[in-house]
Amino acid sequence: MESSDVELDLQRSVQAVLRELSAQAPALQSNQGMWRWSLHKKVERDPAKSPALVRILLRELEKAESEDLRHVIIPLLHTLMYVLTKATGITEELYRRTYTFCTRLLTLPAPYCTVALDCAIRLKTETAVPGTLYQRLVIAEQNLTSELYPYQERVFLFVDPELVSPSVCSALLLEIEAAQVQQTPEACMRHVVSHALQAALGDACHASALQRKLKASPRGALERYFHAVVAAVEQMASDPSPSREGHQERLEEIYCSLLGPAAAARGRYCGDPLQDPQPSIPLPSPHITFHLWTDEEQLWKELVLFLRPRSQVRLSADLEALDLQGLWPDRELARASMLSTDSGIERDLPSGADEPPGPDSPETERAGLQRKGGIRKRVWPPDVAMPACWAGPQGLHRRTGVPGGVGELVPGVSRLHTARVLVLGDDRMLGRLAQAYHCLRKRETQKFCLTPRLSLQLYYIPVLAPEKPASCRHSELRELATFLGRADPWYESTVNTLCPAIHKLAEMPPSLDTSRKVDPFILDVITYYVRMGTQPIYFQIYTVKIFRDLSQDPAEDIFLTELNVKIQDSKLPKDGFSPRRRGVAEGPGAELSICYQKALLSHRAQEVTSSVRATGLVLKALPASDTEDHTCLNVSVTEVVKSSNLAGRSFSTVTNTFRTATIQIQSQDQRLLTLLLDKDGRRMFRDVVRFEVAPCPEPCSGARKTKAPWLGSHQLEVEGTKAKPKPLLMPINTFSGIVQ
């Protein structure tokens with residue numbers, strides 16, 4: 001195919017993606033999500049098309065910038081970066097044009113400037129040292145051993161067997177296993193070496209001869225070549241002023257040692273790209289583990305096993321060892337000061353103070369028991385991590401080009417592991433994820449911490465059970481997915497369209513021929529999402545206190561999306577509850593006392609108390625439109641209205657709505673309430689008298705007690721309370737975050 005025909009074909013594919021984003025082609029709805037995938041497949045099958053696609057995407061990005069078509073900037077930028085990560089043979093001029101474009105986007109508001117900054121950081125390293133992004137991605141995702149780049153990643157795919165059909169679970173598991181059966185460590189090392197040499201040497205690299213040589217090399221020789229290439233790339237990438245020419249010379253030496261000087265010279269001077277087409281170097285899918293979510297603590301256990309392999313872990317013993325230092329939640333990690341007894345002047349120090357004691361001297365033995373005046377610094381052992389926030393800013397260890405020391409929350413302890421937790425299901429599954437996330441955070445602050453060693457990223461793909469005929473139940477169970485699609489159009493186009501494709505995959509008969517190469521669409525989209533979805537959207541978790549008896553302590557639970565309240569027909573017991581007030585008209589529903597804090601734009605506290613007769617309430621945590629604040633509850637009360645006419649007394653209902661952050665509701669007559677959390681029938685509470693809802697606070701973010709040692713023998717406890725506890729937010733990664 002001629003170059004003009006290639007560019008025309010790629011241009012048509014790019015325009016199809018843009019039309020899908022602009023919602024100007026209803027006929028394309030059946031192919032939603034396929035255009036981006038088919039575009040990447042074209043350059044994957046024929047890598048020589050990559051430079052042409054990069055030029056087309058750059059032209060479209062510059063056009064969108066000049067015409068202020070911001071809704072296509074982030075999708076095109078992610079598509080471009082994905083091509084640049086895989087491609088070889090991209091000229092330095094194209095890299096610099098892309099980098100310059102990203103720097104111009106830094107003047108735009110978030111999320112455009114945030115995504116552009118991430119891309120610019122990666123491009124700066126890739127321009128000087130081609131192949132860095134591909135190498136680091138494969139090393140981290142495949143857990144290849146490398147001292148210069150020790151980062152590891154894993155994708156944990158969780159499905160609830162009670163919400164997702166067995167056929168869908170089996171189909172996903174078979175597709176994952178079929179794709180990963182050929183991703184051996186040897187194959188991944190061959191890919192890294194081939195890609196690095198082709199990216200650095202370009203046309204001077206005889207790609208076919210190189211791949212044949214690598215396939216014929218024994219494991220020991222392959223590992224030597226792999227470590228030599230990784231060392232060359234990482235050392236040049238970590239240089240303050242990396243040289244593209246120096247990097248090329250160093251990899252050319254490795255290339256000559258592989259093929260020999262004569263063969264390398266023939267590849268440099270006699271290679272004919274028409275007779276010897278450039279072979280494709282696949283980008284292996286990440287290491288994905290499939291889990292049926294049956295245990296409440298399953299997420300925490302899998303994260304522990306990820307940090308400590310099964311061959312090295314004794315779960316109970318290791319967890320106890322991590323708590324030997326007595327790290328409790330109310331121990332501040334700020335420095336602990338002591339009264340200094342020296343003047344701070346060097347000449348006032350006693351003689352011999354500057355001479356270090358010998359290793360066997362008594363001073364060395366006493367050093368761990370006493371100290372001189374000044375600031376006491378806590379020395380953190382390698383197996384003890386400090387309590388910290390899981391939802392902190394994510395590390396860019398795979399993207400910055402500076403692997404050492406990136407993402408350190410504790411000095412000397414690096415976050416070398418990234419756990420990408422992907423859940424499939426509907427809003428009920430997200431409610432379970434919120435429960436696990438809350439328990440994880442609570443356990444971290446009470447016992448020990450994985451946070452300084454682990455970066456936790458959460459992802460969500462909506463999968464709903466097929467219903468025939470289709471009912472409104474589908475839209476009710478995918479409210480959070482709908483919100484994510486409104487907030488991020490690229491998420492709507494790429495992820496929200498996966499549900500029909502997953503069900504089609506489940507209906508297909510399994511293929512027993514493992515030798516036949518297939519293009520796994522579902523796995524490719526999952527891989528694209530977990531790699532490029534780096535911008536989180538944070539959701540408030542709410543806690544609910546449930547009283548079945550006002551004389552006893554309440555039960556506590558949390559919810560993420562919705563709390564539904566219905567009136568039971570059963571009467572309250574006479575003991576332990578206030579009698580029904582006189583004068584209350586009999587009728588449907590129950591008399592409810594509602595006390596809430598009204599949400600105002602000024603953020604002033606305005607408490608409202610009312611008594612209404614209602615048949616039910618719905619508390620939704622997600623806004624109905626993009627203009628509403630998604631940190632408040634939208635409360636809908638189905639109120640009973642009494643009217644009298646000639647026919648007698650009649651009742652009708654009307655729905656009243658208001659917004660609040662906290663609310664307390666109690667039944668005033670002899671009717672009990674039923675609470676349903678996150679639309680999940682397994683999380684139903686009956687016979688409820690009263691309940692209270694408020695934003696769930698961060699564990700240990702409220703009141704603390706600290707001792708004041710300067711008070712001498714009295715040892716009075718000083719109560720230190722924060723003005724407002726920090727709310728617990730659960731992040732779900734998307735491609736751009738919230739696009740205004």
Side-chain angles (χ1 to χ4, degrees), residues 47 50 81-92 94-96 98-99 119-153 185-205 207 210-211 213-214 217 221-259 264 281-284 395-406 414 416 531:
S50 298
M81 289 302 301
Y82 207 59
V83 174
L84 290 176
T85 301
K86 293 182 175 182
T88 59
I90 305 298
T91 63
E92 187 175 1
L94 285 177
Y95 278 122
R96 296 197 180 279
T98 309
Y99 177 79
C119 295
I121 291 173
R122 289 185 279 165
L123 283 168
K124 188 174 183 180
T125 303
E126 186 71 11
T127 304
V129 190
T132 306
L133 297 180
Y134 180 95
Q135 175 177 292
R136 292 181 173 178
L137 196 64
V138 175
I139 291 176
E141 289 182 347
Q142 304 302 322
N143 298 335
L144 300 179
T145 303
S146 174
E147 294 182 357
L148 293 176
Y149 197 77
Y151 297 96
Q152 297 184 18
E153 298 185 4
E186 292 82 1
C188 294
M189 286 191 285
R190 286 196 297 266
H191 297 332
V192 169
V193 175
S194 298
H195 188 276
L197 293 176
Q198 290 187 40
L201 304 180
D203 294 336
C205 177
L210 174 63
Q211 292 195 6
K213 175 65 176 179
L214 290 173
S217 300
L222 181 60
E223 287 184 352
R224 288 196 299 272
Y225 294 133
F226 169 74
H227 290 300
V229 167
V230 171
V233 172
E234 289 301 330
Q235 289 173 6
M236 185 59 68
S238 60
D239 194 289
S241 54
S243 169
R244 190 182 180 102
E245 292 76 15
H247 174 64
Q248 185 175 354
E249 292 176 1
R250 188 166 181 183
L251 286 188
E252 191 170 359
E253 295 177 1
I254 301 174
Y255 178 69
C256 291
S257 66
L258 256 167
L259 297 182
I281 303 175
L283 179 58
L396 297 176
H397 65 266
R398 198 175 67 192
R399 318 194 183 282
T400 58
V402 188
V406 176
S414 299
L416 302 180
R531 283 173 177 164

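The figures that follow rest on heavy atoms only: side chains count, while hydrogens, waters and symmetry mates do not. Everything numeric in this text was worked out from a predicted model, so none of it was measured. Just so you know, residue 1 is the first one in the sequence shown, and it goes up from there.
- By the 4.5 Å heavy-atom criterion applied to side chains, His191 and Val138 are not counted as neighbours.
- Here the straight-line distance linking atom CD of Gln152 with atom CD1 of Ile139 works out to 11.0 Å at 0.5 Å rounding.
- Once rounded to the nearest 0.5 Å, the distance linking CD of Glu186 with CG of Leu144 reads 10.0 Å.
- Taken to the nearest 0.5 Å, the CD1 atom of Ile90 stands 6.0 Å off from the CG atom of Leu84.
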* To do: Mind running side chain to side chain contact (heavy atoms under 4.5 Å, CB included) on Arg122 and Met81 for me, showing each step along the way?
  => CA-CA 9 Å; Arg122 289 185 279 165; Met81 289 302 301; 4.1 Å; yes
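- The minimum heavy-atom distance linking Ala196 with Leu251 is given by the pair O-CD1, 3.5 Å.
- With hydrogens and angles ignored, the 3.5 Å screen pairs no side-chain donor or acceptor of His195 with any backbone N or O of Thr88.
- Counting all heavy atoms, side chain and backbone alike, Tyr134 lies closest to Lys86 at CD1-CA, 4.4 Å.
- Between the side chain of Arg190 and the backbone N or O of Gln211 there is no donor-acceptor pair closer than 3.5 Å.
- Distance NE2/His227 to OG1/Thr145: 7.0 Å, rounded to 0.5 Å.
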* Would you check, one step at a time, whether the test side chain to side chain contact (heavy atoms under 4.5 Å, CB included) holds for Ser241 with Asp239? => CA-CA 5 Å; Ser241 54; Asp239 194 289; 3.6 Å; yes
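- The structure places CD of Gln135 at 7.5 Å from OG of Ser146, a figure rounded to the nearest 0.5 Å.
- Closest approach of Leu148 and Ala231 over heavy atoms only: CD1-CA, 3.3 Å.
- Closest approach of Leu210 and Ser194 over heavy atoms only: CD2-CA, 3.9 Å.
- Counting heavy atoms from C-beta outward, Pro130 and Gln248 have side chains that stay 4.5 Å or more apart.
- You'll find the side chain of Leu214 stays beyond 4.5 Å of the side chain of Met189, heavy atoms only.
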* Asked: Would Val233 and Tyr149 satisfy side chain to side chain contact (heavy atoms under 4.5 Å, CB included), going step by step from the backbone distance to the final call?
  -> CA-CA 10 Å; Val233 172; Tyr149 197 77; over 6 Å; no
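- Scanning both residues, His247 and Ala232, for their nearest heavy atoms gives ND1-O, 4.1 Å.
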* Show your reasoning for whether salt bridge (Lys or Arg N to Asp or Glu O under 4.0 Å) applies to Glu92 and Arg96. => CA-CA 6 Å; Glu92 187 175 1; Arg96 296 197 180 279; 2.6 Å; yes
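- Residue Thr125 holds its OG1 atom at 9.5 Å from OH of Tyr99, rounded to the nearest 0.5 Å.
- For Glu126 against Gly131, the heavy-atom pair with the smallest separation is OE2-N, 2.8 Å.
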